[in-house]
There are 2 protein chains.
Amino acid sequence: MRRTAKELDASVDGLVARCRAAGMNMTPQRLGIYRALLESYDHPSPEALYDRVRSQMPSISLATIYKTLDTLVELGFASELPSVGDTKRYDANMEHHHHLVCRSCNAVEDFEDEALSAVKAPRRLNGFQPEYVSIHVHGLCRRCSQAKA
Amino acid sequence: MRRTAKELDASVDGLVARCRAAGMNMTPQRLGIYRALLESYDHPSPEALYDRVRSQMPSISLATIYKTLDTLVELGFASELPSVGDTKRYDANMEHHHHLVCRSCNAVEDFEDEALSAVKAPRRLNGFQPEYVSIHVHGLCRRCSQAKA
DNA sequence: GTAACTGCAAAAACTTTGCTGAGTT
DNA sequence: AACTCAGCAAAGTTTTTGCAGTTAC
């Protein structure tokens with residue numbers, strides 16, 4: 001599930017190209033934030049991402065994190081996830097995937113499964129036009145279920 | 001999909017009993033908020049619920065809405081939904097159901113479907129212990145798809 | 001009468017905005 | 001050189017908290 005160095009570079013190249021095409025600059029901050037998000041597998045909040053990026057780039061500001069996340073979402077390089085609780089959550093995994101949600105620690109892990117990806121929306125949805133289906137499996141993550149035992 | 005008067009009364013009775021058992025008072029505010037949530041089918045934010053309750057009970061405060069929603073969630077009479085955007089969303093529908101999420105207006109509608117409810121979590125989840133599956137169908141709601149046409 | 005609860009106001013947490021100087025092309 | 005962007009600080013939202021008076025039991 002982790003991205004290889006090659007995939008990571010390809011994603012970054014994609015962003016560079018897309019920014020050029022849109023007449024936007026490529027700044028070290030924008031690059032660092034995107035890289036940090038690509039290297040995060042826990043759907044970080046803006047604050048959490050701020051801490052990670054700051055370790056590489058101490059002068060960065062939280063406002064830049066927020067602005068850049070908005071930009072990445074607009075450009076289609078990240079998405080804001082539905083989340084319970086106090087802060088927003090982001091993900092740079094743009095491929096179709098499903099989620100494992102731990103009811104104890106609220107961690108959300110990505111996973112892929114062909115059978116689940118084959119699930120289709122019902123035909124009759126009273127006027128609603130379905131586009132894609134996402135599936136959340138709720139339960140206890142490995143760590144929490146071991147902790148209970 | 002709407003609750004009948006009988007179901008509504010049964011839910012309220014359940015809350016009354018549960019509060020008694022927990023040594024909690026039953027106040028008109030708590031009752032009014034729960035009723036208003038039961039009668040809402042659009043997963044209202046605290047602010048939206050505030051407006052609805054206030055029409056019946058003009059002196060109620062927003063802080064009471066927040067505190068009561070926390071209480072209802074703790075007691076298992078409501079749940080906080082995962083949501084994108086700026087505010088929390090609540091639902092008093094505690095039965096297993098799925099969601100239609102509009103990508104244009106962010107409205108979330110409940111729906112039930114036997115085929116979807118039959119979807120099972122995969123066996124191998126790398127230590128994750130699945131408990132239940134919830135399915136989100138993303139797309140355009142009736143109103144938004146008509147607006148585009 | 002006692003304990004729990006509401007409403008208010010203040011505080012805290014999270015997010016957005018306006019501006020100026022700096023960086024990118 | 002022109003335009004975009006980062007960082008800062010201030011403002012805007014949303015949510016939580018502390019407390020005094022009120023209500024439910």
Side-chain angles (χ1 to χ4, degrees), chain A residues 12 15-37 43-51 53-54 56-75 77-78 80-90 106, chain B residues 12-13 15-37 43-51 53-75 77-78 80-90 106:
Chain A
V12 168
L15 179 63
V16 172
R18 183 74 184 74
C19 285
R20 273 216 183 102
M24 296 168 64
N25 296 343
M26 180 48 54
T27 63
Q29 290 87 342
R30 197 168 277 171
L31 211 78
I33 292 167
Y34 184 47
R35 275 199 110 86
L37 187 59
H43 312 91
S45 65
E47 193 83 33
L49 203 53
Y50 178 46
D51 289 342
V53 176
R54 200 158 36 156
Q56 312 276 326
M57 208 180 274
S59 68
I60 202 164
S61 77
L62 186 54
T64 299
I65 304 282
Y66 276 100
K67 288 175 193 166
T68 302
L69 285 170
D70 282 352
T71 304
L72 291 174
V73 170
E74 266 170 42
L75 295 179
F77 287 80
E80 186 194 336
L81 302 178
S83 71
V84 290
D86 300 333
T87 84
K88 300 187 164 186
R89 296 302 204 89
Y90 291 87
N106 284 321
Chain B
V12 167
D13 289 350
L15 180 62
V16 172
R18 183 74 185 73
C19 285
R20 269 211 188 108
M24 297 167 62
N25 294 344
M26 181 48 56
T27 63
Q29 290 87 343
R30 197 166 276 170
L31 211 80
I33 292 167
Y34 184 47
R35 276 200 110 87
L37 186 59
H43 313 90
S45 64
E47 191 83 33
L49 202 53
Y50 179 46
D51 289 340
V53 176
R54 201 157 37 155
S55 70
Q56 312 278 323
M57 207 180 275
S59 69
I60 203 163
S61 77
L62 186 54
T64 298
I65 304 282
Y66 276 98
K67 289 175 192 167
T68 301
L69 285 170
D70 282 352
T71 304
L72 291 174
V73 170
E74 267 169 41
L75 295 179
F77 287 80
E80 186 193 336
L81 303 178
S83 69
V84 291
D86 300 332
T87 85
K88 300 186 164 185
R89 297 299 206 89
Y90 291 87
N106 284 322

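In what follows, chains carry the letters A, B, and so on, assigned in the order in which the sequence lines appear, proteins first and then strands, with residues in each chain numbered from 1.
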Checklist entry - Does T27(A) place a side-chain N or O at less than 4.0 Å from the phosphate oxygens OP1/OP2 of dC5(D)? => result no
Checklist outcome for this item: In whole angstroms, the gap separating P of dG7(C) from CG of L62(B) amounts to 11 Å
Checklist entry - Which nucleotide in the list dG7(D), dC5(C), dC14(C) gets nearest to the side chain of D86(A)? => result dC14(C)
Checklist entry - Do the side-chain N or O atoms of Q29(B) get closer than 4.0 angstrom to the phosphate oxygens (OP1, OP2) of dC5(C)? => result no
Checklist entry - Of K67(A) and E47(B), whose closest DNA chain D nucleotide lies nearer the 5' terminus? => result K67(A)
Checklist entry - Between dT6(C), dA24(D), dG7(D), which one does the side chain of T64(B) approach most closely? => result dT6(C)
Item to check | Between dC8(D) (P) and I65(A) (CD1): distance, integer Å | outcome: 13 Å
Checklist entry - Within this structure, what is the CZ-to-C1' distance between R20(B) and dC25(D), rounded to whole angstrom? => result 9 Å
Checklist entry - Can you name the nearest heavy-atom pair linking R54(B) to D51(B), along with the distance? => result NH2-OD1, 3.0 Å
Checklist entry - dG7(D) C1' sits how many Å from R54(A) CZ, rounded? => result 13 Å
Checklist entry - Quick one: I33(B) CD1 to dC5(C) P, roughly how many Å, whole number? => result 12 Å
Checklist outcome for this item: By nearest-nucleotide position on DNA chain D, the 5'-leaning member of N25(B) and I60(A) is I60(A)
Item to check | Y66(A) side-chain proximity, nearest of dT16(C), dA6(D), dT25(C) | outcome: dT16(C)
Next on the checklist: Just N and O in the side chain of K88(A): are any of them under 4.0 Å from OP1 or OP2 of dT16(C)?
Outcome noted: yes
Checklist entry - With nearest nucleotides of DNA chain C determined for R30(B) and P46(A) from heavy-atom distances, which residue corresponds to the more 5′ nucleotide? => result R30(B)
Checklist entry - Which of these nucleotides, dT17(C), dT24(C), dT14(D), is closest to any side-chain atom of T87(B)? => result dT14(D)
Checklist entry - According to a strict under-4.0 Å criterion, is S59(A) in side-chain N/O contact with OP1 or OP2 of dG7(D)? => result yes
